[in-house]
Amino acid sequence: MNRTDNLTELNARVLAACRELATLTEVPGETTRTYLCPTTRDVHAFLRAWADWLGLSTTVDAVGNLRSRRESAGARTLYVGSHIDTVPNAGAYDGMLGVLLAYALVEALGDRGLPFAIEVLAFSEEEGVRYGVPFIGSRALTGTVNEMLGLLDAEGQSVEDAIRAFGLSPDDLPAARVTGGALGYVEVHIEQGPVLQAAGAAVGVVTAIAGQNRVLLDFRGRASHAGTTPMAHRRDALAAAAHFVVAVEDRARNTPGLVATVGVMQARPGAINIVPGDVHCTLDIRHERDAARLDALPALLDDAQRFAAERGVTVTVTPKMEERATPMDAGFQALLHHAADDEGLLHPELVSGAGHDAMVMGTVMPAAMLFVRSPNALSHHPDEMVNPEDVEAALRILLRFVERLALEVTA
Ligand code: HGY
Ligand code: MN
Ligand code: MN
């Protein structure tokens, strides 16, 4: 294989790599790759091979981010990338597409001199599956991951344990942090929704990333005999939680721009003839305006308390994370719009309902996202798909973005 600046060829390689990397999983038969699971090493090996071939200097930082640098005489760095972890039974493109397009960008640049370095970032953890809190990878670069080190996974292993078990050391966290010289961060990612397909657009420029809260709720009633416990004597935790789920859906359906989801519901003891005594469930609530999200959240938690109290049930609420809505950098957005114009492509603007590493990186440097159309609007699902020509369009725009940024930096 020779290095090429043929974007059609590079695009084909990126798509083939997405499909190949999707087979690297911790659950045979599906694509599931949670934080620092063993197959992370295989993904690192695959990406490092491309990076080495391109002559990039590659390191693995303290939280397992794979970081490959294309140096420059310029003092600043443009960070380009996305995440390599996945949700359970994921598709092939969420995260990985943006990582691979970053390497393709570097290959397409060839030996062209740039007034800034490029650092390709393959973030080790964005989804928040293993520890319930997302962005371990990007938060290492912004210096906000230390408070996560004590979080425990379902097996009781802490983030710090996982780091050490992978052969890394939390002592190296300071070296992972970006402490200066950042020109900004740009991420290409599938839209994961219906907007671009409806607009007939291959790509879109993200204006902001919705803010979100993730909360755990534990309803505690009393397990009892399903046959002998009169309805008036029950403390049915699942009945209380079920009313909560309906209230969540009702409020989100009746609040423009609000999305709210109870994604996990575990009833115990979980037998057909026992009134459920305990329910563990989760709430994910998002809105592009923080005020709307922060208005809805307490109202829903009050609903949960009321549904519980009506049944002699208690509910314990455990906040897991909150991310404010993050506007994308106006200058970078303009460059993406111009780059799309250069390619003669539509480039509608849209808000991201999904969280992304760009919302973390955007707290310390200019950040921007280019979305690629999701033709079937599916994501966090094995049928997640892209149109090859849309991905090539994104690569062309990413290259034009870098060229325009180089002119701007030099000016
Ligand atoms: O859940 C999300 O918003 C993203 O897919 N991490
Ligand atoms: Mn995702
Ligand atoms: Mn993602």
Side-chain angles (χ1 to χ4, degrees), residues 18 21-22 25 30-35 37 40 43 65 80-102 121-139 148 185-196 204 206 208-216 252 257-264 282-288 290 293 320-326 328 350-362 367-374 376-386 391 394:
C18 281
L21 289 166
T25 177
E30 64 179 54
T31 300
T32 299
R33 211 171 36 241
T34 57
Y35 181 51
C37 67
T40 302
V43 173
N65 298 320
V80 190
S82 192
H83 60 94
I84 63 170
D85 66 314
T86 76
V87 295
N89 198 17
Y93 305 102
D94 178 358
M96 193 60 80
L97 182 69
V99 173
L100 292 164
L101 283 172
L121 295 169
F123 287 119
S124 54
E125 202 289 333
E126 183 272 347
E127 297 285 3
V129 171
R130 180 170 178 183
Y131 288 98
V133 182
F135 307 132
I136 293 174
S138 45
R139 290 179 67 170
M148 301 173 81
Y185 172 76
V186 63
E187 178 173 1
V188 180
H189 198 288
I190 52 172
E191 178 208 334
Q192 302 178 296
V195 173
L196 294 179
V206 175
I209 301 175
Q212 60 175 287
N213 289 81
R214 296 186 185 187
V215 178
L216 307 182
L258 184 72
V259 286
T261 312
V262 177
V264 173
T282 61
L283 175 64
D284 173 320
I285 184 168
R286 312 188 191 198
H287 199 288
E288 67 177 280
D290 290 338
R293 170 173 54 86
K320 288 294 279 185
M321 69 82 86
E322 175 169 13
E323 289 288 348
R324 291 198 305 271
T326 309
M328 295 290 95
L350 68 168
V351 172
S352 173
H356 295 287
D357 291 304
M359 73 197 300
V360 177
M361 298 294 277
M369 291 194 77
L370 182 71
F371 271 177
V372 178
R373 169 167 40 190
S374 293
N376 61 1
L378 266 185
S379 184
H380 288 188
H381 188 283
D383 293 345
E384 187 178 90
M385 62 178 288
V386 291
V391 177

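As the structure is a prediction and not an experimental result, all values here were calculated from the model. Both counts, for ligands and for their atoms, begin at 1 and track the order of listing.
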Check against side-chain contact (heavy atoms from CB on, under 4.5 Å), Ile84 and Met96: CA-CA 5 Å; Ile84 63 170; Met96 193 60 80; 3.9 Å; yes
Where ligand 1 meets Ala354 - atom numbers and elements under 4.0 angstrom, heavy-atom basis: 3 (O)
Protein residue, atom and distance nearest to atom 1 (O) of ligand 1, heavy-atom basis: Arg286 NH2, 3.0 Å
Donor-acceptor under 3.5 Å (Arg139 side chain, Met148 main chain): no
Presence of N, O or S from His83 under 2.8 Å of the Mn ion (ligand 3): yes
His380 atom (N/O/S) at minimal separation from the Mn ion (ligand 2): NE2
Where ligand 1 meets Arg214 - atom numbers and elements under 4.0 angstrom, heavy-atom basis: 1 (O), 2 (C)
Ligand-side contact atoms (ligand 1) for residue partner Glu127, heavy atom cut-off under 4.0 Å: 4 (C), 5 (O), 6 (N)
Plane angle bin for Phe371 and His189 - parallel if under 30°, tilted between 30 and 60°, otherwise perpendicular: tilted
Region of His356 engaging ligand 1 - heavy atom pairs below 4.0 Å: neither
Glu126 N/O to ligand 1 N/O under 3.5 Å: yes
Plane angle bin for Tyr185 and Phe123 - parallel if under 30°, tilted between 30 and 60°, otherwise perpendicular: tilted
Asp94-ligand 1 polar pair, N/O distance under 3.5 Å: no
Atom name in Glu127, limited to N/O/S, at shortest distance from the Mn ion (ligand 2): OE2
His380-Asp94 side chain donor-acceptor pair, cut-off 3.5 Å: yes
Of Ile190, Val386, Leu196, Val195, the residue whose pairing with Arg373 passes side-chain contact (heavy atoms from CB on, under 4.5 Å): Leu196
Member of Glu323, Arg293, Lys320 meeting the side chain to side chain donor-acceptor pair (under 3.5 Å) criterion with Asn213: Arg293
Heteroatom test (N, O or S) for Asp94 near the Mn ion (ligand 2), limit 2.8 Å: yes
Donor-acceptor pair, side chain of Glu191 and main chain of Gly204, under 3.5 angstrom: no
Identity and separation of the nearest protein heavy atom to atom 4 (C) of ligand 1: Gly355 O, 3.4 Å
